[in-house]
Student: 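Questions regarding the structure given below will be posed in turn.
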Amino acid sequence: MKKLLKILGITIGIVFALLIATAIAVSVFFNPNDYKGDISALVKEKTGRDLNIEGKISLSFFPWIGLEVGKTELSNAPGFGKEPFASVKHVGVKVKLLPLFSKRVVMDTVMLDGLNLNLARDKQGRSNWQDLAGANKKPAATPPPKSSGGPAIVGIDITGIKVTDAHIVWDDRQNGAHWTVDKLNLKTGNLGSGKPMDLDLSFDVLDKANARPRRLELTSVVALNAEAQTLDVSKFTLKFMDLELKGQAQGRGLQSKPTFSGKLSVGEFVPRQLMQELGITVPVTNDTTVLGKASFATTFKASTNSVQLSSLSARVDDTTLSGDIGVRDFAKPAITYKLNIDNLDLDRYLPPPSPPAKQAAAKRGAAPPAAAAVGIPVDTLRKLDVDGSIAIGKLKAYNIRSQDIKITTVAKHGNLRVHPATAKLYGGNYSGDVKIDARGREPLLSMNEKLSGIQAEPL
């Protein structure tokens with residue numbers, strides 16, 4: 001037995017010596033830069049693209065199999081201009097040699113510096129990468145070889161990914177959209193171990209309509225377990241313009257039936273300012289100070305076909321909304337909700353009254369513009385699937401004040417009913433029952449509304 005172990009030890013020592021000797025010999029006698037032309041010719045043959053390797057190519061063989069490439073450029077697809085499809089200043093990849101014998105991939109930090117990527121789609125919908133993805137290639141005539149039964153790789157462990165100073169352009173000539181991501185930096189901790197890792201991402205985003213860059217920053221702690229199909233984000237902070245989004249999330253069944261849950265919150269921000277920054281027209285309102293502050297918080301559960309927001313709390317100016325909202329089946333949405341609003345002054349958000357000149361003209365007998373006819377949106381009603389209720393503590397609308405408002409809405413298969421609908425106002429009560437039946441050719445509307453004990457003078 002001792003003799004067998006001795007022979008085995010000598011054999012392993014010889015194998016290691018041969019590996020080291022081979023690595024030294026290859027590094028001494030083999031210069032990868034001598035084959036730049038052959039590599040470019042092969043890329044040209046396979047893709048029709050020009051590959052220009054200006055930088056130096058460096059190889060290492062032990063204990064890491066490493067590849068580093070300097071400045072490199074790949075030409076664009078025909079019809080997409082002279083700008084290169086992709087270029088990079090430096091790429092570095094290292095894989096540890098010995099773990100490969102046990103079907104494990106152990107990689108050092110993957111380095112990518114100075115990436116420039118120009119993605120485009122022409123007016124016919126053809127992209128400048130589909131030829132590289134094999135979209136135009138015919139399927140192979142011979143069937144793929146059968147699997148031997150065992151997995152090719154049993155584990156992947158990557159020390160991290162580091163991307164610095166990347167620049168990505170998306171030019172959609174079919175829809176007229178043009179977006180630029182600039183100064184993109186990404187740094188991660190260890191990937192593949194299933195343990196929590198730090199993730200830092202930042203970049204500027206610009207669109208064609210607004211050339212001013214908008215900064216996005218994301219910091220997070222993430223644990224991804226590919227074998228268990230789980231994702232755990234213990235905490236994250238996303239900053240974009242005036243918004244700061246914080247939360248945590250968990251994902252399960254990522255490759256089978258993915259589901260997600262967690263908590264989200266948005267710190268106080270100024271909606272009016274955000275709308276202006278995004279190029280959204282701010283409505284003209286009676287009170288020019290409205291849309292001055294807002295915040296949001298909720299817990300959520302979501303799948304690829306549903307979302308549920310619970311313990312929802314949103315605040316806009318002096319109004320707070322709370323409750324639950326759910327949507328099932330995104331293709332044919334079924335909406336449920338139960339919401340509470342504490343105090344809403346709707347008059348603050350309505351358009352201001354007509355200018356004095358128009359009021360004076362009306363007094364002199366000028367005919368007001370005819371009101372447009374309002375039709376019942378039959379097609380929309382037939383698709384509605386809604387079951388929800390809303391309660392409002394205090395409401396002011398068109399200078400009418402009411403409180404303790406409760407409205408329940410149910411809509412399904414073309415039938416809509418608002419009932420019960422109740423409110424208290426001016427010492428009395430309101431109750432209503434409104435039905436719309438849109439199942440037939442012509443919609444049918446029925447209303448049963450009652451006012452009782454109302455004090456007429458203050459109303």
Student: Which atom names give the shortest non-hydrogen contact between Val378 and Pro443, and what distance separates them?
Tutor: CG2-CG, 3.8 Å
Student: When you measure from the centre of the six-membered ring of Phe85, is the NZ or CZ of Arg49 closer than 6.0 Å and no more than 45° off the axis?
Tutor: yes
Student: Please step through side chain to side chain contact (heavy atoms under 4.5 Å, CB included) for the pair Asp342 and Ile392, ending with a clear verdict.
Tutor: CA-CA 6 Å; Asp342 61 348; Ile392 306 175; over 6 Å; no
Student: Can a donor-acceptor pair be found, under 3.5 Å and without considering hydrogens, that links the side chain of Thr422 to the backbone of Ile407?
Tutor: no
Student: Taking the side chain from Thr237 and the backbone from Thr219, do they hold a donor-acceptor pair closer than 3.5 Å?
Tutor: no
Student: Apply the test side chain to side chain contact (heavy atoms under 4.5 Å, CB included) to residues Thr285 and Arg272: give CA-CA distance (whole Å), side-chain angles for both, the deciding distance (0.1 Å), then the verdict.
Tutor: CA-CA 11 Å; Thr285 56; Arg272 182 179 293 272; 3.8 Å; yes
Student: Taking NZ, NE, NH1 and NH2 as the nitrogens, is one of them in Arg252 or Asp232 under 4.0 Å from a carboxylate oxygen of the other?
Tutor: yes
Student: Can you tell me if Arg214 uses its side chain to pair, donor with acceptor, with the backbone of Glu277 under 3.5 Å?
Tutor: yes
Student: Answer yes when Glu244 and Lys239 have at least one side-chain N-carboxylate O distance shorter than 4.0 Å, and no when they do not.
Tutor: yes
Student: Does Asp317 reach the side chain of Tyr349, with side-chain heavy atoms less than 4.5 Å apart?
Tutor: yes
Student: Would you call Asp122 and Arg173 a salt bridge, using N to O less than 4.0 angstrom?
Tutor: no
Student: Below 4.0 angstrom, N of the basic side chain to O of the carboxylate: do Asp433 and Arg417 qualify?
Tutor: yes
Student: Go through Leu51 and Thr72 one step at a time and tell me if the side chain to side chain contact (heavy atoms under 4.5 Å, CB included) criterion holds.
Tutor: CA-CA 7 Å; Leu51 180 69; Thr72 304; 3.6 Å; yes
Student: Could you tell me whether Asp347 and Lys396 make a salt bridge, using a distance below 4.0 angstrom between a side-chain N and a carboxylate O?
Tutor: yes
Student: Could you walk me through whether Val222 and Phe236 pass side chain to side chain contact (heavy atoms under 4.5 Å, CB included), step by step?
Tutor: CA-CA 9 Å; Val222 180; Phe236 70 87; over 6 Å; no
Student: Is Asp172 salt-bridged to Arg121, cutoff N-O under 4.0 Å?
Tutor: yes
Student: Let's go through Asp318 and Arg348 carefully: what are the C-alpha distance in whole Å and the side-chain angles of both, what is the deciding distance for salt bridge (Lys or Arg N to Asp or Glu O under 4.0 Å) to 0.1 Å, and is it a yes or a no?
Tutor: CA-CA 11 Å; Asp318 300 320; Arg348 298 176 66 193; 3.2 Å; yes
Student: Any ion pair linking Asp404 and Lys424 (charged N to carboxylate O, less than 4.0 Å)?
Tutor: yes
Student: Check Leu321, Val316, Leu312 against Phe296 for a side chain to side chain contact (heavy atoms under 4.5 Å, CB included) and give me the one that passes.
Tutor: Leu312
